[in-house]
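To keep things clear, I will list the structure first and then write my remarks on it.
A note on names: the letters A, B, ... follow the listed sequences, proteins ahead of strands, and every chain is numbered from 1.
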Number of protein chains: 4
Amino acid sequence: MTTTTNSGRARSREGGGRRRARGAAAPASERRDHLVRLAAELFAKKGFQATTVREIADEAGILSGSLYHHFDSKESIVDEILSNFYTELKAANRAAIEQGGPDEALGALVRIAFGTLEPHRAAITVLQNDWNYLKGLDRFAYLIKAEEDVEEMWITAIRSGQDAGLFRADLEPRLTYRMIRDTIWVTVRWFHTDGFDTEALTAHYLNVLLDGIHIH
Amino acid sequence: MTTTTNSGRARSREGGGRRRARGAAAPASERRDHLVRLAAELFAKKGFQATTVREIADEAGILSGSLYHHFDSKESIVDEILSNFYTELKAANRAAIEQGGPDEALGALVRIAFGTLEPHRAAITVLQNDWNYLKGLDRFAYLIKAEEDVEEMWITAIRSGQDAGLFRADLEPRLTYRMIRDTIWVTVRWFHTDGFDTEALTAHYLNVLLDGIHIH
Amino acid sequence: MTTTTNSGRARSREGGGRRRARGAAAPASERRDHLVRLAAELFAKKGFQATTVREIADEAGILSGSLYHHFDSKESIVDEILSNFYTELKAANRAAIEQGGPDEALGALVRIAFGTLEPHRAAITVLQNDWNYLKGLDRFAYLIKAEEDVEEMWITAIRSGQDAGLFRADLEPRLTYRMIRDTIWVTVRWFHTDGFDTEALTAHYLNVLLDGIHIH
Amino acid sequence: MTTTTNSGRARSREGGGRRRARGAAAPASERRDHLVRLAAELFAKKGFQATTVREIADEAGILSGSLYHHFDSKESIVDEILSNFYTELKAANRAAIEQGGPDEALGALVRIAFGTLEPHRAAITVLQNDWNYLKGLDRFAYLIKAEEDVEEMWITAIRSGQDAGLFRADLEPRLTYRMIRDTIWVTVRWFHTDGFDTEALTAHYLNVLLDGIHIH
DNA sequence: CATGAATGAGTTTTCATTCAT
DNA sequence: GATGAATGAAAACTCATTCAT
């Protein structure tokens, strides 16, 4: 159930290749991490497909071929970005739901979700914009599993709140989760550029989500 | 304020081309409409960039070159899809806000938004997934204007509700609009596949949005 | 057991692609056949890997990218060459072993093998020189099967000769087949260039093979 | 007639390089020999072109760049493999043809040829599979000469047998040599893997070659 | 001796688009 | 309207080789 990075496997030439089959995760190095970060920015800004490896290399001040010293493929770069994101998200969520009552748990999940917006802006953006394309590639099948794991945690938290009589019983948990998740993550498209700060945004959302638009 | 289709203008090689000049709306024909619909499905499923004209042609049972008897370019196909959507949406919204109080108006806007999900599933999907790319193209600048027009209608409705003491005054109208719009449209990714029906979905959303998750 | 051409399947982008999935064999056309023949010459002369698609295109007087209008990949070109060869060889062999006694059958098999040298010089050359590389690719696994089919025909013929008391019983059929086959095909490397004609070569080989070097 | 290793000469960029000039045989070392052996295995398994220096380095547990402390180039590795082979083969052949009559001489040449199959499996495999490519490189011109020397020895032996009335006079010596040589060496492709042992194989071949398939 | 990073020139492949028939 | 063939520009990727540390 460990969402290990896929980086490094699935070489095309099916014959003999072996190249970094051992451990699992790619051989982290400072240089490599730096390149991943540069690529992430570009992927977020222009989209995965629309970003060329040349652009990534240009950004790093090297030639495009030189990128392949560090990565197997363009896909393996985005793989690293996305798997990092899910690894962190799952760990944070797991810690969150083990403490406090349903209200605290749900609040924590929401806050974590908002909290990922900045550090993982690129990953979330890519997930929003390019998932439709990436999901078609075998290599990213594991992300579907990761997302399901996250969903389960939310649903559990929502159910607890309903059982405790805190949350409305007529809410369909899965639907509610998706609504909240998408509502939060979709803001990645504009919250940053338009000068809202995360704190205010989080507060606003929690407010509306928990208490509605109507005046009671 | 007429958002005319852009089809046919702004050819990249502006040199010799002539082909249906003067913004005259594209020559509608059954065959053409059919092709647009096939393309829309593919754009929605695989993304605009990832869909090749060959795939569109394949789907139609013709060769890719033959598509160019009907369209100037691949872009002009998606243009048609998107402009149709905005034309309809704006018309519907305009009609909606001219009737009833703020509560009815907002409810109508929400219902219209949900109502576009099925007939314009492809357009909305493309807008979600490929907008980041498309917005970079001059030809689609008019869509930014269209979206702003829509935003204005929503904001007006929300402000009316606040002024009437119906909606909470602490809500930032623009933020609230985006939150609602994104929340609704982002469902295009799963509402269809996972067996929820539009009616139930709309009700659920309105419920949560207007009255919150908490029990009052 | 049909050695169908592999051309056209195994597209890389595993997602949605379909492109010519129907029938099986690629859509034959004169142009296409011509290109295959040009490529075959080059593959034979320089080896599969050492021949670039640019060279093939140059030979045809088109640009390298234009080749992909006709073929999926460089591999699919060589696939066509090799599968054609085995299809013909198997058909000819099958017809041969159904007539006459073991002596005639073996003679016919040898003659067929020699007979392929000229029309299928390229295929045999590629098989000699590049098989080591090609066999590593999944796409060519079917050739292993084809070769086994051929082997079986020979072994059956040899066994019949032994059972009939015509051929020496101490000969290991499989070993003998391979020795003969390789002996014949390996000549593809020089018989052509050095001015031997097929007739004389065949006679010489049959002579030595059947009656040995020694004087009796 | 000394077949000196070519290692080190004929660098492609003849401009600035200097590195171990003057045909002086390469500096043998245990480490170096080990690397050559590893490379030989890979060349035999995958072909010269298809084997990357990275794979060789991987096999040795070092980085590809480090290989260049031991070798000038990838070509110089295969050069070492091939020249070793021919040096040994010629020496052995020379010794063989100086003793006994034509029958013994031819038998000895055949036995030597078979005897090289195991210790020089890689060299012979490369010669079979990659010669077509390598022969195009200036650096390997000397191998053509070496092969001609070997051919001459065989032809001399065969002619002696014919002159002595032992071998059939109608056999063309050069053709016969090539047939025998290729017949033997081509087995390098399967004799090893399929469980035949050299002894049995040699006996079988000599048997068939000298006395034919027919019963006399 | 080895590493780690990079070069540079090449390779195969992709695909929207054009156009004579 | 459609075909079939091609263009052309760019894409991802490969890999032997170099070299400062």
Side-chain angles (χ1 to χ4, degrees), chain A residues 11-13 27 29-32 35 49-57 60-76, chain B residues 11-13 16-17 19 29 31-32 49-57 60-77, chain C residues 11-13 27 29-32 35 49-57 60-75, chain D residues 11-13 16-17 19 29 31-32 49-57 60-75 77:
Chain A
R11 315 267 13 272
S12 47
R13 201 63 63 66
S29 84
E30 263 184 58
R31 186 77 179 116
R32 187 188 165 93
L35 294 172
Q49 292 174 89
T51 302
T52 69
V53 292
R54 232 204 298 268
E55 285 166 336
I56 301 171
I62 58 178
L63 291 176
S64 68
S66 306
L67 273 180
Y68 290 81
H69 181 65
H70 302 276
F71 306 98
D72 269 10
S73 64
K74 190 179 156 189
E75 281 173 19
S76 82
Chain B
R11 316 260 20 271
S12 43
R13 311 256 178 82
R19 211 178 290 212
S29 85
R31 185 94 177 98
R32 187 187 163 91
Q49 292 174 87
T51 301
T52 68
V53 293
R54 201 146 152 176
E55 284 166 338
I56 300 171
I62 59 178
L63 290 178
S64 64
S66 307
L67 273 179
Y68 288 79
H69 284 289
H70 303 277
F71 306 97
D72 269 10
S73 66
K74 189 179 159 190
E75 281 172 19
S76 81
I77 305 179
Chain C
R11 315 262 21 270
S12 46
R13 200 67 57 67
S29 85
E30 264 183 58
R31 187 76 179 116
R32 187 187 164 93
L35 294 172
Q49 293 175 86
T51 302
T52 69
V53 293
R54 238 210 286 275
E55 285 166 335
I56 301 172
I62 58 178
L63 291 177
S64 70
S66 305
L67 274 180
Y68 289 80
H69 180 65
H70 302 277
F71 306 97
D72 270 8
S73 64
K74 189 180 158 190
E75 280 173 18
Chain D
R11 315 255 25 267
S12 42
R13 311 258 177 82
R19 206 181 290 212
S29 85
R31 185 91 177 101
R32 187 187 163 90
Q49 292 175 85
T51 302
T52 68
V53 293
R54 201 148 153 175
E55 284 167 336
I56 301 171
I62 58 179
L63 289 178
S64 64
S66 308
L67 274 180
Y68 289 79
H69 285 289
H70 302 279
F71 306 97
D72 269 8
S73 66
K74 190 180 160 191
E75 282 172 18
I77 306 180

- Note on the structure: Side-chain atoms of Ile62(B) come closest, of dT3(F), dT17(F), dA6(E), to dT3(F)
- How long is the line joining CZ of Arg32(B) and C1' of dA2(F), in whole Å? 17 Å
- Side chain of Thr52(C) - closest among dT11(E), dT3(F), dA6(F): dT11(E)
- Starting from P on dT14(F), measure out to CG on Leu67(A) and report it in whole angstrom. 12 Å
- Note on the structure: Taking every heavy atom of Lys74(A) against every heavy atom of Gln49(A), the minimum-distance pair comes out as NZ-O, 3.5 Å
- Item | Nucleotide nearest Leu63(B) (side chain, heavy atoms from C-beta), chosen from dT3(F), dC13(F), dT7(E) | dT3(F)
- Item | Closest-nucleotide ordering on DNA chain F, the 5'-leading residue of Gly65(B) and Thr51(A) | Gly65(B)
- Message: If I take atom CD1 in residue Ile56(A) and atom P in nucleotide dA11(F), what distance separates them, rounded to the nearest angstrom?
- Response: 12 Å
- From Leu63(A) CG over to Ser66(A) OG, what is the distance, rounded to the nearest 0.5 angstrom? 5.0 Å
- Task: Kindly give the heavy-atom pair with the smallest separation between Arg31(A) and Ala60(A), and that separation in Å.
- Result: NH2-O, 3.8 Å
- Glu75(C) has an atom CD; how far is it from atom P of dT13(E), in whole Å? 7 Å
- Task: Just compare dT11(E), dA5(F), dG1(F) and give me whichever is closest to any side-chain atom of His69(C).
- Result: dA5(F)
- For the pair made of CG in Asp72(A) and C1' in dT14(F), what is the distance, rounded to whole Å? 12 Å
- Which nucleotide sits closest to the side chain of Lys74(B): dA16(E), dT17(F), dA5(E)? dA16(E)
- Can you find a heavy atom in the side chain of Phe71(B) that is under 4.5 Å from one in the side chain of Val53(B)? no
- Message: Assuming nearest nucleotide by heavy-atom distance, tell me which of Ser73(A) and Arg31(B) is located more 5' along DNA chain F.
- Response: Arg31(B)
- Atom NE2 of His70(A) and atom C1' of dT14(F) are separated, to the nearest Å, by 15 Å
- Item | Any residue meeting side chain to side chain contact (heavy atoms under 4.5 Å, CB included) with Ala57(B), in chain and number order, not counting sequence neighbours | Ile62(B), Ser64(B), Leu67(B)
- Watson-Crick or G-U pairs under 3.5 Å in DNA chain E, rendered as dot-bracket with [ ] for crossing pairs and | for another strand: .||||||||||||||||||||
- Message: Could you work out, with side chain to side chain contact (heavy atoms under 4.5 Å, CB included) as the rule, every residue matching Thr51(A), not counting sequence neighbours?
- Response: Leu42(A), Phe43(A), Lys46(A), Glu55(A), Ile56(A)
- Query: Could you state the CD-P distance from Gln49(A) to dA16(E), rounded to the nearest angstrom?
  - Reply: 11 Å
- Note on the structure: CZ (Arg32(D)) and NE2 (His69(D)) are apart, to the nearest 0.5 Å, by 13.5 Å
- Looking only at side-chain N and O atoms, does Arg54(C) come under 4.0 Å of OP1 or OP2 in dT13(E)? no
- Note on the structure: note: Phe71(D), atom CZ; dC1(E), atom C1'; distance rounded to Å ~ 14 Å
- Item | Out of dT17(F), dT12(E), dC15(F), whichever nucleotide has its closest atom nearest the side chain of Tyr68(C) | dT12(E)
- Query: Among dA12(F), dG4(F), dT17(F), which nucleotide sits nearest the side chain of Val53(D)?
  - Reply: dT17(F)
- Tell me which of Gly61(D) and Ser66(B) sits closer to the 5' end of DNA chain E, going by the nucleotide each one is nearest to. Gly61(D)
- Non-neighbouring partners of Arg54(C) that pass side chain to side chain donor-acceptor pair (under 3.5 Å), sequence neighbours left out: none
